[in-house]
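Have a look at the structure below before the remarks.
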Amino acid sequence: MARTLDNPLYYLANFERAMSWTGERYGDLLDERERAFLDCFNRLPPAARALLVRMVMRKGPLFRESKLAYDEIGDTRAAAAPLLAAGLVDERPALNLDQLFGLLVRSEIAQAFPGVDAALRKAEQLERLRPQWPQARCFDEWLPAARDRVYALRVGEVCDRLRLMFFGNLHQDWTEFVLADLGILRYEQVDISPASRGFGCREDIEVYLRLHACREQIEAGAIPADIPQQPLSNAWLEGRRQKLLFLAGQQQERAAEFAAARRIYAACRHEGARARHIRVLEKCGDHEQAHALAAAAWMQPENEAERQQLARMLPRLRRRVGLPPEAAPPAAAPEEFTLVLPRPVPFPGVELAARDHLWREDAPVHYVENTLINSLFGLLCWDAVFAAVPGAFFHPFHAAPADLHSADFLPRRAAAFDTCLSQLDSGAYRDTIRRRHREKSGLQSPFVYWEAIGDTLLEQALDCLPPEHLKLWFTRLLQDIRANRAGMPDLIRFDLRERRYEMIEVKGPGDRLQDNQLRWIAFCARHGMPVRVCHVRWLEQE
DNA sequence: ACACCAGAGG
DNA sequence: TTCACACGCTCCG
DNA sequence: GAGCGTGTGTCTCCTCTGGTGTCC
Ligand SMILES: [Mn+2]
Ligand SMILES: [Mn+2]
C-alpha cells in the first residue's frame, strides 16, 4: 500500500511482457496446451486477462468470488465470464470437504454443519466430519443459502510451465517484475540475445518438471517412486537428478531404511554420496564392504571434504576389519587462545562479544564470516561473473549466471577471470573494487553482500589485505565455488599501523570447528596467512 | 482481548 | 532453500 | 574428547490484514 505504480494494471502488463517474451523464444517448443493458452489469453478482454493474472499469481487454485475484488478490474462476475466460456476457469468445481474447509471461515462452518462442536479447532472439526462427508459437491450444494461463488483456476499447470521456460527455474515467480520495478530487487542488466532461453529442447522441460515433482515429494516426507534411473544427457539436469538421488538416500537413512539408502547411494555420483554410502554400510554392520569402499575412495577422493571424512572413518573401519592402525599424519593444529568474558545481557552472540572485547582504535575488528572475501571477489570479478556467455543469461532477473555451479563455469570465462585477477599483480585491483562498489551498489550478486560491506570496512580491507593473499583466496574460490565459499573465520582484525590483518574463528562453549572451517584454516596455514581460533568461556557470575 | 500467521499487495 | 551454531548421543582411550 | 547426527535460527522485500486459536 505504501508504494505506488502509475499503472494499476501493472501486473497484467508484466505478465503480457513475460508471455510475449516466452512465445518469441519458445515458438518451436510449445506444446498444444501452451499454444492454445497463449492464443486464448491474447483474445480475452482486458478485464478478463487481468482477473486471470490475479488468480495465477495468488494461492489458488480455488477462489471465492467475494475474495476476488479489485477496483481496477471492476465487476468480478463480468470479468470472469469470458474465462468461464474459454474453459480457463471452472465456475462450479466439485469440492471435497477439505477443499470446502479451505474456503470457509469458522462461522460459516458452524452454520453449514450445526452438529459439529463449534469450540473445536478447524482441523479437528474437519477430522470429525470427514468420514460423514466423503463425496465432493459443488459450493452451492454444500451451502445452498450462500450467495457467493467458487471459481477454480484450470490453467495453473500451464502457467507454471511457461514460468519455468521464462525463468529457467521454478523458485522465481512473476512478482520479480514488480519488485524490480519498485527497486526492491535490482539486477545487473546483461545483453540477452533474442535467441537466449533456459531450455533447448522440450524433453528437458518435461524432465525438469518431473525432477521437481520428485523433490516436492521428498520435501513432503514421501518416498519418491519415479526418479529417472538412467543418466540424463543434459549435464545440468543430470546434476539435479543426482542431487535428488542424494536427497532420497538421506531420506531413507533418516527413516533407518538402510538397505534402500544403500541401493540409492550405490547409484549416486553426487558429491558426498560415496561417504554416505560408506556410513550406511557401516551402520548395516557390513564392515568389510565399508572398509573396501573407503579404502578405494581414499586412493582417489572426490574432493577435500571427502578426504577429511575418510580420514576420520578409515581408522575406525580398519579396526573393525582387524587391520593394524596406520601411522596417522599429524593434523596441523591451528593456533588457539582463550578469552574468559562476562556473558553480556542482552546476549548479542559470542562472535560480537569477542569482537567487542578484541576491538582497538588502531586495530578494529569486524564480524564478517564469509561476506568479506566473497564480496571482494565478487567486486573484482564482476565483469567475469556477469559476462554475456551464451546461455548464462536469458531473462532480466538473474542474480547469477545460470551455469555458476557447473563444471565448465571457469573454463568458459577463463580469459575474463584472468583479466580480473591480473589486476592483483598490477595494483589496479583497488580502484576496480572501489568503482564496482560504487557503481554496482545494491545489485543482486552471488558473491557480494552489500549490507555487510561499508566504506570503512572496504578501505581497511584494501589497505591491510595483501594482494597475494587475495589472489590465493580468489583462485581457491574459483576452483570449487560451492565448497569454498563458506567456512571463513568469524572475525577479521586489521592492524592499521602495520597494514596487517588476522582472521579469528570464535568458538563458544560446546562449539567445535566444522569441516569447512578446518579446510579454510589448513589452506591459510599452507600459505602463511594468519588465522587463530578464539575459545570463549563465560565468567561465572553469582 | 490478544498474539500469531499465512496470504496478498505494490 | 544456505550456513553456522547448539546440543545430545555413543564410543573409546 | 572425538565422531556423528539432528534440530534451530536466520535468511528469502516489507507491510498490512483477515482469520484463527488462546500456541505452534
Ligand atoms: Mn561463524
Ligand atoms: Mn564461530
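Hydrogens, waters and symmetry mates are skipped; everything else that's a heavy atom, side chains included, is used. The sequence lines fix the lettering, A, B, ..., with proteins before strands; numbering per chain opens at 1.
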Does A:Arg54 have a side-chain nitrogen or oxygen under 4.0 Å from the phosphate oxygens OP1 or OP2 of B:dA8?
-> no

Verify the contact: side-chain N or O of A:Tyr70 to OP1 or OP2 of B:dG9, cut-off strictly under 4.0 Å; return yes or no.
-> yes

Find the partner of D:dT10: check Watson-Crick (N1-N3 plus N6-O4 or O6-N4) and G-U wobble (N1-O2, O6-N3) distances, both under 3.5 Å, and reply none if neither fits.
-> none

Please tell me which of the listed nucleotides, B:dG10, D:dC4, D:dG18, lies nearest to the side chain of A:Met313?
-> D:dC4

Can you figure out which of D:dG21, C:dC12, B:dG10 approaches the side chain of A:Lys122 most closely?
-> D:dG21

Within the 6.0 Å centroid threshold, strictly below: A:Phe199 and A:Trp236 = yes

Would you say the ring centroid of A:Phe63 lies under 6.0 angstrom from that of A:Tyr151?
-> no

Check the distance between B:dG9's P and A:Phe63's CZ and give it to me in whole angstrom.
-> 10 Å

Atom CG of A:Leu247 to atom C1' of C:dT2: distance rounded to whole Å?
-> 14 Å

Check: A:Val448 and A:Asn374 side chains under 4.5 Å, non-hydrogen atoms | no

Is there side-chain contact between A:Met19 and A:Phe166, with heavy atoms separated by less than 4.5 Å?
-> no

What nucleic acid atoms does A:Arg276 come within less than 4.0 Å of, heavy atoms only: base, sugar-phosphate, or nothing?
-> sugar-phosphate

Indicate yes or no for a side-chain donor-acceptor contact from A:Glu306 to the backbone of A:Glu271 under 3.5 Å, with no hydrogens or angles considered.
-> no

Rounding to the closest angstrom, what is the interatomic distance between D:dG9 and D:dC24 at atom C1'?
-> 16 Å

Short N/O separations, protein against nucleotides 22-24 of chain D, under 3.5 angstrom:
none

Hey, which sits more toward the 5' end of DNA chain B by its nearest nucleotide, A:Lys59 or A:Leu5?
-> A:Lys59

N/O to N/O distances under 3.5 Å, protein versus nucleotides 4-10 of chain C:
{"from": "C:dA4", "atom 1": "OP1", "to": "A:Asn370", "atom 2": "OD1", "distance (Å)": "3.3"}
{"from": "C:dA4", "atom 1": "OP1", "to": "A:Asn370", "atom 2": "ND2", "distance (Å)": "2.7"}
{"from": "C:dA4", "atom 1": "OP1", "to": "A:Gly487", "atom 2": "N", "distance (Å)": "2.9"}
{"from": "C:dA4", "atom 1": "OP2", "to": "A:Asn516", "atom 2": "ND2", "distance (Å)": "2.9"}
{"from": "C:dC5", "atom 1": "OP1", "to": "A:Asp490", "atom 2": "OD1", "distance (Å)": "3.4"}
{"from": "C:dC5", "atom 1": "OP1", "to": "A:Glu505", "atom 2": "OE2", "distance (Å)": "3.3"}
{"from": "C:dC5", "atom 1": "OP2", "to": "A:Lys507", "atom 2": "NZ", "distance (Å)": "3.1"}
{"from": "C:dC5", "atom 1": "OP2", "to": "A:Gln514", "atom 2": "NE2", "distance (Å)": "2.8"}
{"from": "C:dC5", "atom 1": "OP2", "to": "A:Gln517", "atom 2": "NE2", "distance (Å)": "3.0"}
{"from": "C:dC5", "atom 1": "O5'", "to": "A:Asp511", "atom 2": "OD2", "distance (Å)": "3.4"}
{"from": "C:dG8", "atom 1": "O6", "to": "A:Arg512", "atom 2": "NH2", "distance (Å)": "3.2"}

